[in-house]
**Student:** 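A single structure is presented below for examination.
Given the structure is predicted, the values throughout are model-derived calculations rather than measurements.
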Amino acid sequence: MSEPVNTFEAQQQGRPTGPLVQGYEVIIGFETHSQLSTESKIFSRASTAFGAEPNTQACAVDLALPGTLPVMNKGAVERAIKLGLALGSTIAPRSVFARKNYFYPDLPKGYQISQFEIPVVQGGSVSFFLGEEQKTVRLVRAHLEEDAGKSLHENFIGQSGIDLNRAGTPLLEIVTEPDMRSTAEAVAYARELHKIVTWIGICDGNMQEGSFRCDANVSVRKPGQPLGTRREIKNLNSFKFMQQAIDYEIRWQIEEIEDGRAIQQATVLFNPDTGETRAMRTKEDAADYRYFPDPDLPPLAIAPEWVERVRAEMPELPRAMAERYVTTHGLSAYDADQLTQSLALAHYFDAAVAAGAAPKLASNWITGEIARRLNAQDLAIDQAPVTSAQLARLVVRIGDETISNNAARQVFDALWTGDGDDVDAVIEAKGLKQMRDTGALEAIVDGVLATNQKNIDEYRAGKDKAFNALVGQVMKASQGKANPAQVNALLKAKLG
Ligand code: ADP
Ligand code: MG
C-alpha cells in the first residue's frame, strides 16, 4: 500500500519559514466551533437559549428518539452562507449531512450529525494585521453540525450529571489550513474570526458561554522538514488561555523531541490553574467514526438566488469600512482599524459624524478618552454613558472654538459621570466658554504686559520661554477662557 497523501502537507509547499523557537518552526491550524445565533436548534424547534434548567430544552428530535425526523433549520444555513460570503469561500450548491458515530455520555443517540465529505462552505481565507504585517490564513472548509450535550461534574458529590439542553445546538465548524506560524499569529487569527462572526451577526461571540470555542492544532518541525505530528488543544474559550496554552504546548513538544521522544498525535486539554496541557485521549482518525450520509436528511441544496439574496443583505465588512474611513474621512489606517474593532463601535463613530462631528476629532475622542474609560470600567460601547449625539455636540463646540480642549475634557467628564447631559448647558453652567470678545481680551493682554516687563525684555532678547510665560499669564487672568491661538496672535502683534 502506498503512503496516504497528506493534503495539509501539500498545501504548505513554498510557504515561507516562520520565526524559529529554539531552532524549531511552529505550525498551527485552527478548528473553531462557532455557535450560530438561531433561536431554535439545527434540526428541531427546541430553544437554544443559554442557562435554562438542565434537560428542559432537549426534545425528542435532539435525542433522535424512534419515530422522529430531523428538519434542517434554514436560519442556520443562511448563517453559513453569510460566513462563506464574508470570507470569499465557495458556497456548495449541494452539501451532505453525515453521521459521525462515537460513544460518549453526552451523546445518547450515539452519533453526531455533521458534514464530512461535502461541507457547505469550501475554501476562503481570513486576513488580518499582525503588527504591521498583513497575514492571510486559508480556510479548508466550514461545515454545519449539531452540538452534543454537556457532562456536569461540579454540582454532584461523587456523581456526574448530563445536561442535554445543548444537544442539537447549531454549530459552524471553521477549519483552517495549518498556515499559522506563531502563537501571536494564531491569537490574531482567532480575534479576527471572532470579529467577523459577530460583525455579520451569525454568532453572539460569547466565549464564556461557549459560543466561540477554538481547537488549536500545534506541531513543531525543523525548517524544511515535513510537517510534525500535531496535538490538538481542545475548547480554548478565552484569548488569554489560548495564548498560554499554545505557548506551553510549543515548549512541551520541543522538550519532548529534544529529549528523544516522538510526539504522539493526541487531544489535549489546557488547565488554566496549572498553565499546562494534558493529554485527554489519543486521537481518533476519521475512519474510527464510520461516517456515512445521514439517511434521514436529504442533501442540502442552496440555489444561487438564495446566495444572492443573502449577499444583498450583507453588512459592509470591517476591512471595507476601515478603507472607507481612510479615503473619505482622512483617518490613519491605524485609527480606522481601531474604529472597526466591532460593528457597534463603528456605528457609534458613524452616528457621531452624521450628527456633525469632524471625523478626525471624533475618532480621537473615541479611540482615546472613550476607549480608556470603557476599558477601565469594563463597558462595551453601547453601554457608554456619553451618546454619539453628545460626543458630536462636544466635538462641534471644540471645532467652532466655543470651548478649548481642556474645557472639553471637563464637559466630557460631566457627561460621563451624569453631572449634566446637554453639552451647551454644561458649558454654560460651568462657565467654560472661551472668550470671544477681543476688546476684553485685549484689556487682559495689556494688563499682563504692563506688569511683566522682565518677560518682555527676555522675549525681545530671543527667549521663547518668556513668550510662553506671557501666554500663561493671559490664560490665567482669563480663567482659562481665552482662546490660546488668539492670545498668541495678540501678544505677537503687541510685542512687534
Ligand atoms: P480532525 O477533525 O481530526 O482534527 P481535521 O482534518 O478536521 O482533523 O483538522 C485538522 C486541523 O489540524 C486543521 O485545522 C489543520 O490545519 C490542522 N493540522 C493538520 N496537520 C497539522 C500539523 N502537522 N500541525 C499543525 N496543525 C495541523
Ligand atoms: Mg475536525
**Student:** Enter the distance from Ile174:CD1 to Ile196:CD1 here, rounded to the nearest 0.5 Å.
**Tutor:**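 The distance works out to 9.0 Å.
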
**Student:** Under the 3.5 angstrom rule, does the side chain of Asn165 hit a backbone N or O of Gln57 as a donor-acceptor pair?
**Tutor:**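 At least one qualifying donor-acceptor pair exists.
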
**Student:** Strictly below 4.0 Å, N to O, side chains only: are Asp457 and Lys463 in salt-bridge contact?
**Tutor:**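 Not counted as a salt bridge, because no side-chain N and carboxylate O are separated by less than 4.0 Å.
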
**Student:** Before accepting this row, confirm whether a basic side-chain N of the pair Glu25/Arg181 lies closer than 4.0 Å to the acidic partner's carboxylate O.
**Tutor:**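 Looking at Arg181 together with Glu25, the answer is yes, because their closest N to O distance falls below 4.0 Å.
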
**Student:** Mark yes or no for whether Thr451, through its side chain, and Gly447, through its backbone, hold a donor-acceptor pair below 3.5 Å.
**Tutor:**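 Side chain of Thr451 to backbone of Gly447: a pair is present.
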
**Student:** Can Arg309 and Glu305 be counted as an ion pair, charged N to O under 4.0 angstrom?
**Tutor:**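 No salt bridge links Arg309 with Glu305.
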
**Student:** Any carboxylate oxygen within less than 4.0 angstrom of a Lys/Arg side-chain nitrogen, looking at Arg460 and Glu458?
**Tutor:**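 Salt bridge: no.
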
**Student:** Step through the shown structure and confirm whether more than 12 heavy atoms of other residues, nucleotides or ligands are within 6.0 Å of CD on Glu53.
**Tutor:**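 No - once you tally the heavy atoms of other residues, nucleotides and ligands closer than 6.0 Å, there are 12 at most.
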
**Student:** Between Asp163 and Lys150, does any NZ, NE, NH1 or NH2 come within less than 4.0 Å of an OD or OE carboxylate oxygen?
**Tutor:**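 No, Lys150 and Asp163 are not salt-bridged.
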
**Student:** Keeping to residues at least two apart or across chains, list the side-chain hydrogen bond (donor to acceptor under 3.5 Å, both in side chains) pairs with something in residues 407-416.
**Tutor:**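 Counting only pairs at least two positions apart or across chains, the side-chain hydrogen bond (donor to acceptor under 3.5 Å, both in side chains) contacts touching residues 407-416 are Arg373-Asp413, Gln377-Trp416.
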
**Student:** Taking the six-membered ring of Tyr459, is NZ or CZ of Lys465 closer than 6.0 Å to its centre and within 45° of its axis?
**Tutor:**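 Verdict for Tyr459: no cation-pi partner in Lys465.
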
**Student:** Taking distance alone, no hydrogens or angles, what donor-acceptor pairs closer than 3.5 Å link side-chain atoms of residues 479-487 to residues at least two apart or in another chain?
**Tutor:**
from: Asn483; atom 1: OD1; to: Ala485; atom 2: N; distance (Å): 2.8
from: Asn483; atom 1: OD1; to: Gln486; atom 2: N; distance (Å): 3.4
from: Asn483; atom 1: ND2; to: Glu401; atom 2: OE1; distance (Å): 3.1

**Student:** Output yes when Glu442 and Lys494 qualify as a salt bridge under the 4.0 Å nitrogen-oxygen rule, no when they do not.
**Tutor:**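 Salt bridge: yes.
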
**Student:** His194: what forms a ring-ring contact (aromatic ring centres under 6.0 Å, His included) with it, not counting sequence neighbours?
**Tutor:**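 Testing His194 for ring-ring contact (aromatic ring centres under 6.0 Å, His included), a comparison that skips the adjacent residues, returns Phe212, Phe239.
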
**Student:** For the pair Asp215 (side chain) and Glu232 (backbone), establish whether a donor and an acceptor sit closer than 3.5 Å, ignoring hydrogens and angles.
**Tutor:**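 Checking the backbone N and O of Glu232 against the side chain of Asp215, no donor-acceptor pair under 3.5 Å is found.
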
**Student:** More than 12 non-hydrogen atoms from neighbouring residues, nucleotides or ligands closer than 6.0 Å to CZ on Arg324, yes or no?
**Tutor:**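 Atom CZ in Arg324 is crowded, with more than 12 foreign heavy atoms closer than 6.0 Å.
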
**Student:** Is Asp400 atom CG crowded by more than 12 heavy atoms from other residues, nucleotides or ligands, each under 6.0 Å away?
**Tutor:**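 Result for CG/Asp400: enclosed.
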
**Student:** Heavy-atom count check: over 12 atoms from other residues, nucleotides or ligands less than 6.0 Å from Glu39 CD?
**Tutor:**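 Counting neighbours around CD of Glu39, 12 or fewer heavy atoms of other residues, nucleotides or ligands fall under 6.0 Å, so no.
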
**Student:** In the structure I gave you, are the side-chain heavy atoms of Arg230 and Val218 within less than 4.5 Å of one another anywhere?
**Tutor:**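 When only atoms from C-beta onward are counted, Val218 and Arg230 do not touch, as no gap falls below 4.5 Å.
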
**Student:** Between Glu185 and Phe128, is there a side-chain heavy-atom distance shorter than 4.5 Å?
**Tutor:**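 Heavy-atom side-chain distance check passes, below 4.5 Å.
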
**Student:** Does Val474 reach the side chain of Val471, with side-chain heavy atoms less than 4.5 Å apart?
**Tutor:**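 In short, these two side chains do not touch, never coming nearer than 4.5 Å.
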
**Student:** Assess the residue pair Tyr248 and Phe270 against the criterion (ring-ring contact (aromatic ring centres under 6.0 Å, His included)); give the C-alpha distance rounded to whole Å, side-chain angles, the decisive distance to 0.1 Å, and a yes or no.
**Tutor:** CA-CA 9 Å; Tyr248 177 88; Phe270 177 66; 7.7 Å; no

**Student:** For Arg319 and Asp337: C-alpha separation, side-chain torsions, deciding distance, then whether salt bridge (charged side-chain N to carboxylate O under 4.0 Å, His left out) applies.
**Tutor:** CA-CA 8 Å; Arg319 180 75 33 74; Asp337 186 61; over 6 Å; no

**Student:** Please say which of Leu495, Ile456, Asn455 ends up in a side-chain contact (heavy atoms from CB on, under 4.5 Å) with Phe467.
**Tutor:**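 Single side-chain contact (heavy atoms from CB on, under 4.5 Å) partner of Phe467 among Leu495, Ile456, Asn455: Leu495.
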
**Student:** Answer yes when Asp335 and Lys360 have at least one side-chain N-carboxylate O distance shorter than 4.0 Å, and no when they do not.
**Tutor:**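 The answer is yes: the pair qualifies as a salt bridge.
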
**Student:** For Asp421, does the CG atom have more than 12 heavy-atom neighbours from other residues, nucleotides or ligands under 6.0 Å away?
**Tutor:**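 No - once you tally the heavy atoms of other residues, nucleotides and ligands closer than 6.0 Å, there are 12 at most.
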
